[in-house]
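The block underneath contains the structure these notes are about, expressed in structure tokens.
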2 protein chains.
Amino acid sequence: MIFKQAPEPTIGRLAIYLRALRTILDSGVSTVSSADIEKITGINSGQVRKDLSYFGEFGRPGRGYSVEPLVNKLAGILGLHEKQKVMIVGAGNLGTALVGYTGFSNSDFELAAIYDNNFNKIGRSLWHLEILDIENMPSINREMNVNVGIITTPGTAAQYAADKMFESGVKVIMNFAPARINVPENVTVRNVDLTQELQILCYYMPKEEIVEIK
Amino acid sequence: MIFKQAPEPTIGRLAIYLRALRTILDSGVSTVSSADIEKITGINSGQVRKDLSYFGEFGRPGRGYSVEPLVNKLAGILGLHEKQKVMIVGAGNLGTALVGYTGFSNSDFELAAIYDNNFNKIGRSLWHLEILDIENMPSINREMNVNVGIITTPGTAAQYAADKMFESGVKVIMNFAPARINVPENVTVRNVDLTQELQILCYYMPKEEIVEIK
DNA sequence: TAGATTGTTAATCGATTAACAATC
DNA sequence: TAGATTGTTAATCGATTAACAATC
């Protein structure tokens with residue numbers, strides 16, 4: 001059977017459902033309805049059903065969804081059935097932080113390597129990892145087979161970091177550098193631009209300050 | 001004159017235009033067309049004009065836009081005319097990194113304070129800042145007047161951190177903790193969920209590996 | 001004036017929400 | 001069977017793109 005391709009916002013919500021359902025699973029509940037999922041995530045129950053329908057029929061009318069099979073289905077759809085190995089390029093402040101960031105060393109991801117181009121950093125150890133030479137990435141990754149990359153270099157170095165990643169077989173990239181990256185057809189990049197996020201927030205800051213008169 | 005409220009994606013693009021135009025300004029070019037902006041940002045020239053039109057008429061038909069006035073207009077719209085002070089709550093790995101992150105200490109933002117609730121951390125210094133006690137935030141911020149907050153606590157502490165921020169007069173919040181936050185009417189929150197971003201990326205990773213036969 | 005480029009309207013596209021027949 | 005809840009279709013909503021009259 002062929003399904004219409006799911007829109008990107010749907011994929012984002014799938015990740016949200018997965019987190020919620022894993023919590024539910026841990027709490028021992030075995031069945032949920034789309035209305036229950038709405039209660040936890042705030043996402044409209046119709047939207048929940050619609051999102052799931054892009055990938056199959058996982059529920060039973062009148063009953064709802066069995067939690068454990070649904071968790072497995074969602075993990076499978078997102079490609080998280082096996083723990084994904086991750087590499088970081090750029091051992092600056094942000095890169096260093098992400099190595100220690102527990103949010104990434106959770107069940108789905110495992111930080112496998114960190115690279116830099118600075119000879120003062122290469123060879124040093126960072127937590128449990130040694131900082132590797134970016135020039136050796138292609139040969140090292142022939143063994144390691146990391147598919148997920150994170151770029152935390154300055155903007156000027158981002159394209160070079162990305163090129164090395166393509167050369168090494170990395171398939172998807174999360175880019176923290178404030179620079180657009182040109183990518184081949186078969187590679188996906190997501191830009192996370194923290195400065196831009198802050199700027200957007202500032203727009204929503206109420207501009208008029210009501211001066212209180214005592 | 002009243003303008004129709006701009007959609008959220010427009011605000012995000014405004015930030016992109018601003019960055020591009022600042023670069024252009026530095027390079028000494030004084031006029032740009034929407035087609036020029038498309039060339040740099042990849043955003044459709046019609047879209048550029050439409051986005052700007054939510055806020056006024058900044059260009060001249062046949063000529064284009066004067067760069068410097070447009071930069072100032074955009075900065076003004078986003079609320080960036082003055083440098084915005086920022087506080088971080090949560091002096092863990094991510095919080096520590098962001099203190100040193102040069103992306104934030106650029107022209108638009110200034111990191112003014114970092115808070116934690118852990119007595120082993122409070123009083124220690126982090127780069128140029130001293131880690132402050134979250135309990136003292138409301139009184140400290142009466143002097144400091146920070147309006148922009150970043151939450152880098154564990155998920156369980158996020159709501160408490162947010163509550164302290166509301167109490168202290170913070171108006172907009174960027175939340176890195178994997179937890180939804182309940183906010184009063186007049187406060188805006190943006191969630192940045194790095195794990196979710198990675199999960200979305202994994203979905204776009206080609207699943208079938210073509211085995212090469214020698 | 002002729003050429004260029006704006007601001008805006010109308011057409012298109014896509015995503016969300018509402019509603020309901022099917023079914024457990 | 002009656003009540004609950006799915007999967008899906010149709011209606012709505014909103015954002016993007018195309019096109020062009022206005023104008024520098």
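FYI, side chains are in, hydrogens and waters are out, and symmetry mates aren't considered; it's all heavy atoms of this structure.
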5'-most by nearest nucleotide on DNA chain C - A/Thr10 or B/Leu52: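 It is B/Leu52, whose closest nucleotide lies nearer the 5' terminus.
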Interatomic spacing from [atom1] in [X] to [atom2] in [Y] - rounded to 0.5 Å:
| X | Y | atom1 | atom2 | result |
| --- | --- | --- | --- | --- |
| A/Met87 | A/Met165 | CE | CE | 6.0 Å |
| B/Leu70 | B/Arg22 | CG | CZ | 11.5 Å |
| A/Leu80 | B/Tyr203 | CG | OH | 12.5 Å |
| B/Asp116 | B/Ile88 | CG | CD1 | 11.5 Å |

Selection: residues 28-40 of chain A, any non-hydrogen atom under 4.0 Å of DNA chain C: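 When residues 28-40 of chain A is checked for heavy atoms under 4.0 Å from DNA chain C, there are no hits whatsoever.
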Identified pairing partner of C/dC13, criterion: Watson-Crick or G-U wobble below 3.5 Å: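 Its partner is D/dG14 (Watson-Crick or G-U wobble, both distances under 3.5 Å).
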Partner nucleotide of C/dC20 by Watson-Crick or wobble geometry (both distances under 3.5 Å):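 D/dG7 is the nucleotide pairing with C/dC20.
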Which one, [options], comes nearest to the side chain of [X]?
| X | options | answer |
| --- | --- | --- |
| B/Asn44 | D/dT17, C/dT17, D/dC24 | D/dT17 |
| A/Ser53 | D/dC24, D/dG7, C/dT17 | D/dG7 |
| B/Pro61 | D/dA22, C/dG7, D/dT16 | D/dA22 |
| A/Pro9 | C/dT17, C/dC24, C/dT16 | C/dT16 |

Is it the case that the side chains of [Y] and [X] hold a donor-acceptor pair, with the cut-off being a distance below 3.5 Å and no angle test?
| X | Y | answer |
| --- | --- | --- |
| B/Asp163 | B/Gln159 | yes |
| A/Asn44 | A/Glu38 | no |
| A/Asp26 | A/Thr23 | no |

Sugar-phosphate, base or nothing in reach of A/Arg49, heavy atoms under 4.0 Å: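 Counting heavy atoms under 4.0 Å across all strands, the contact made by A/Arg49 includes a base.
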Sugar-phosphate, base or nothing in reach of A/Gly59, heavy atoms under 4.0 Å: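 Since only primed, P, OP1 and OP2 atoms lie under 4.0 Å of A/Gly59, the category is sugar-phosphate.
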Without decimals, in angstroms, what is the distance between [X] [atom1] and [N] [atom2]?
| X | N | atom1 | atom2 | value |
| --- | --- | --- | --- | --- |
| A/Gln47 | C/dA18 | CD | P | 11 Å |
| A/Arg63 | C/dC24 | CZ | C1' | 6 Å |
| B/Glu57 | C/dT5 | CD | P | 18 Å |
| A/Arg60 | D/dG7 | CZ | C1' | 15 Å |
| B/Lys50 | C/dT9 | NZ | P | 8 Å |
| A/Phe58 | C/dC24 | CZ | P | 17 Å |
| A/Ile11 | C/dA15 | CD1 | P | 11 Å |
| A/Tyr17 | D/dT6 | OH | P | 12 Å |

Any A/Arg13 side-chain nitrogen or oxygen under 4.0 Å from OP1 or OP2 of C/dT16: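 Looking at the OP1 and OP2 atoms of C/dT16, one of them is under 4.0 Å from a side-chain N or O of A/Arg13.
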N or O in side chain of B/Tyr65 less than 4.0 angstrom from C/dA4 OP1/OP2: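 For B/Tyr65, the contact criterion (side-chain N or O under 4.0 Å from OP1 or OP2 of C/dA4) is not met.
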Contact check, side chains of A/Leu74 and A/Leu21, non-hydrogen atoms, under 4.5 Å: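 Yes; the side chains approach each other to less than 4.5 Å.
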